[in-house]
Enquirer: 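This is the structure I have questions about; it appears just below.
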Amino acid sequence: MNILVLGSGGREYALAWKLSQSQLVSKIYIAPGNAGTNSIGENVVINISDFNVVKETVLNYNIDMLVVGPEQPLVDGIVDFFKNDEQLKNIKIIGPDKNGAQLEGSKAFAKNFMEKYNIPTASCFTVTSSNLADGLNYLATQRPPFVLKADGLAAGKGVLIIDSLEEAQNELKEMLSGKFGSASAKVVIETFLKGIEVSMFVLTDGEHYVILPEAKDYKRIGDGDTGLNTGGMGAVSPVPFVTKDFVEKVENRIIKPTIEGLKNEKIDYKGFIFLGLMNVEGEPFVIEYNVRMGDPETEGVMTRIDSDLAALLDACAQGKLDEVDYQTSKNTSVTVMLVSGGYPEDYKKGMVMTGLDELSYDCIIAHAGTKLNDKGEIVTSGGRVIAVTAHGHNIEEAREKAYRDVEKIKFEGVNYRHDIGLDLMNL
């Protein structure tokens with residue numbers, strides 16, 4: 001197979017890296033890719049939001065399977081575009097149709113779906129400008145902290161957790177007035193759930209499914225979970241508190257009802273489901289659905305899948321996931337994300353990176369915000385720059401290996417957390 005992976009981040013690097021190990025794969029293409037993906041396959045620099053350009057690329061490069069990394073093309077309907085085009089309808093594509101992508105594209109859609117199919121989640125109230133007064137009154141009936149979520153995609157910035165009622169009411173007004181653009185034209189107010197977050201991942205063909213390795217990611221910029229939220233500063237897999245009993249609860253209460261609900265709604269779903277969960281005293285609740293793999297969790301999760309990912313995705317596209325062998329590693333992975341100074345706010349780009357040729361073979365490096373400059377040097381091109389993942393028999397061993405290589409990578413303003421996995425070592 002020739003496979004085209006859409007995206008340019010660490011998630012897409014990790015997917016391409018894993019797919020490239022398959023004997024089923026003839027060639028990997030990444031669009032637009034980054035400075036690292038070009039060493040795995042071939043970068044194709046296109047605008048992935050222009051589906052006609054994606055179509056042209058698929059036909060020109062004789063692509064057999066399209067793997068959609070980020071959420072935006074899925075929410076915009078790329079799967080529907082392929083299915084409705086005579087030249088593309090036989091191309092295998094990994095991702096849900098536009099209706100299915102609303103699980104991530106609309107918080108209100110997801111909450112209504114969970115309520116309809118009795119999937120455990122926090123209680124909520126949906127607000128638009130037409131019922132703002134009701135929303136303000138609803139906030140007054142809730143206990144702090146108050147959770148406000150922009151209904152649409154907001155690049156990971158549309159969730160606010162606020163301790164003050166007055167501040168929450170003011171933020172609600174600002175969100176509805178366009179604080180997050182059209183994404184917050186509708187706002188979901190949620191009851192705060194106290195617990196420990198964990199990400200679980202499912203690959204489904206719409207009927208059958210496999211549960212991929214779980215991970216815990218770290219969203220705050222600073223050590224000790226301090227500072228602003230980011231797209232993710234690191235991850236650990238597996239997660240000590242995700243016991244067999246916990247997984248069974250997730251499977252029976254969340255995964256099976258979700259897939260049955262999708263079938264009942266006649267949603268064509270062949271792809272990944274990311275379950276953002278809160279472990280509340282051993283009971284799983286859904287915080288959010290995503291319709292693709294997470295980042296930086298993918299960088300660690302892919303290293304723990306022992307099975308052939310291309311074979312899994314091929315079976316998924318054909319509705320035959322029940323016929324493939326699926327195995328995972330018992331090792332622990334720790335992923336540390338190196339970011340640009342100033343991220344998640346303003347930061348510089350174009351900083352030359354050094355030390356990449358000094359890294360050990362024990363670590364897997366996933367490029368994220370990198371590109372090649374005119375001199376052929378690897379430079380920074382984003383906030384989250386590069387992820388270092390190491391394996392060990394336990395978190396402590398994997399951490400030691402990961403940080404040993406992290407310290408070798410240098411660029412102006414480099415920043416990273418020093419405590420990834422520490423909170424899990426005593427659980």
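Computed from a prediction, not measured in an experiment: that's the story for all the values here. Numbers for residues simply follow the sequence, beginning at 1.
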Enquirer: Under the rule for ring-ring contact (aromatic ring centres under 6.0 Å, His included), what residues qualify as partners of Y326, not counting sequence neighbours?
Expert: none
Enquirer: Quick one: salt bridge (charged side-chain N to carboxylate O under 4.0 Å, His left out) pairs with a partner in residues 345-363, sequence neighbours left out?
Expert: K348-E412, D362-R404
Enquirer: Provide the full list of ring-ring contact (aromatic ring centres under 6.0 Å, His included) pairs with a residue in residues 208-255, sequence neighbours left out, each pair given once.
Expert: none
Enquirer: Does any pair with a residue in residues 73-104 pass ring-ring contact (aromatic ring centres under 6.0 Å, His included), and if so which ones, sequence neighbours excluded?
Expert: F51-F81
Enquirer: Does any pair with a residue in residues 83-123 pass ring-ring contact (aromatic ring centres under 6.0 Å, His included), and if so which ones, sequence neighbours excluded?
Expert: F113-Y117
Enquirer: Sorted by first residue and then second, give each side chain to side chain donor-acceptor pair (under 3.5 Å) pair with at least one member in residues 302-320; sequence neighbours left out.
Expert: S22-D308, K92-D314, S237-R304, T303-H391, D314-Q318
Enquirer: Flag yes if more than 12 heavy atoms outside E396 fall under 6.0 Å of its CD atom; otherwise flag no.
Expert: no
Enquirer: Donor-acceptor check, side chain of D419 to backbone of L422, threshold 3.5 angstrom: yes or no?
Expert: no
Enquirer: State which residues pass ring-ring contact (aromatic ring centres under 6.0 Å, His included) with F411; sequence neighbours excluded, sorted by chain then number.
Expert: none
Enquirer: Please lay out, stage by stage, how N394 and T332 fare under the test side chain to side chain donor-acceptor pair (under 3.5 Å).
Expert: CA-CA 5 Å; N394 50 47; T332 293; over 6 Å; no
Enquirer: Would you mind listing every ring-ring contact (aromatic ring centres under 6.0 Å, His included) that reaches into residues 260-303, with sequence neighbours excluded?
Expert: F201-F274
Enquirer: Let's go through L15 and L309 carefully: what are the C-alpha distance in whole Å and the side-chain angles of both, what is the deciding distance for side chain to side chain contact (heavy atoms under 4.5 Å, CB included) to 0.1 Å, and is it a yes or a no?
Expert: CA-CA 9 Å; L15 288 167; L309 181 62; 4.2 Å; yes
Enquirer: Salt-bridge test for R11 and E297: reply yes if a basic N is under 4.0 Å from a carboxylate O, no otherwise.
Expert: no
Enquirer: Indicate yes or no: at least one non-hydrogen side-chain atom of V159 is less than 4.5 angstrom from one of L148.
Expert: no
Enquirer: Quick one: ring-ring contact (aromatic ring centres under 6.0 Å, His included) partners of Y416, sequence neighbours excluded?
Expert: H418
Enquirer: Apply the test side chain to side chain donor-acceptor pair (under 3.5 Å) to residues S123 and T191: give CA-CA distance (whole Å), side-chain angles for both, the deciding distance (0.1 Å), then the verdict.
Expert: CA-CA 6 Å; S123 59; T191 300; 2.7 Å; yes
Enquirer: Given K111 and T121, is the side chain to side chain donor-acceptor pair (under 3.5 Å) satisfied, shown in steps?
Expert: CA-CA 8 Å; K111 297 297 281 194; T121 188; 2.8 Å; yes
Enquirer: Would you kindly say whether D405 and S360 are connected by a side-chain donor-acceptor distance under 3.5 Å?
Expert: yes
Enquirer: Suppose the criterion is salt bridge (charged side-chain N to carboxylate O under 4.0 Å, His left out): which pairs have a residue in residues 247-263, not counting sequence neighbours?
Expert: E207-K263, D245-K249, K249-E283, R253-E283, E260-K263
Enquirer: Using the side chain to side chain donor-acceptor pair (under 3.5 Å) criterion, which residues pair with D325? Sequence neighbours excluded.
Expert: Q327
Enquirer: Can you find a heavy atom in the side chain of E104 that is under 4.5 Å from one in the side chain of R292?
Expert: yes
Enquirer: According to side-chain contact (heavy atoms from CB on, under 4.5 Å), who are the partners of L59, at least two apart in sequence or on a separate chain?
Expert: K55, Q87, L88
Enquirer: Side chains of N34 and S8: do they bring a donor and an acceptor to under 3.5 Å?
Expert: no
Enquirer: Kindly say whether A150 contributes a backbone atom to a donor-acceptor pair with the side chain of S184 at under 3.5 angstrom?
Expert: no
Enquirer: Kindly determine whether M200 and V247 satisfy side chain to side chain contact (heavy atoms under 4.5 Å, CB included), including the steps that lead there.
Expert: CA-CA 9 Å; M200 292 189 68; V247 172; 4.2 Å; yes
Enquirer: Before giving the answer on side chain to side chain contact (heavy atoms under 4.5 Å, CB included), spell out for V75 and Q102 the whole-Å C-alpha distance, their side-chain angles and the decisive distance to 0.1 Å.
Expert: CA-CA 7 Å; V75 171; Q102 287 302 293; 4.1 Å; yes
Enquirer: When rounded to the nearest 0.5 angstrom, what is the spacing between CG in N229 and CG in L160?
Expert: 9.5 Å
Enquirer: State, without any angle test, whether K216 and S199 hold a side-chain donor-acceptor pair at a distance under 3.5 Å.
Expert: no
Enquirer: Within a radius of less than 6.0 Å around CD of E42, do more than 12 heavy atoms belonging to other residues, nucleotides or ligands occur?
Expert: yes
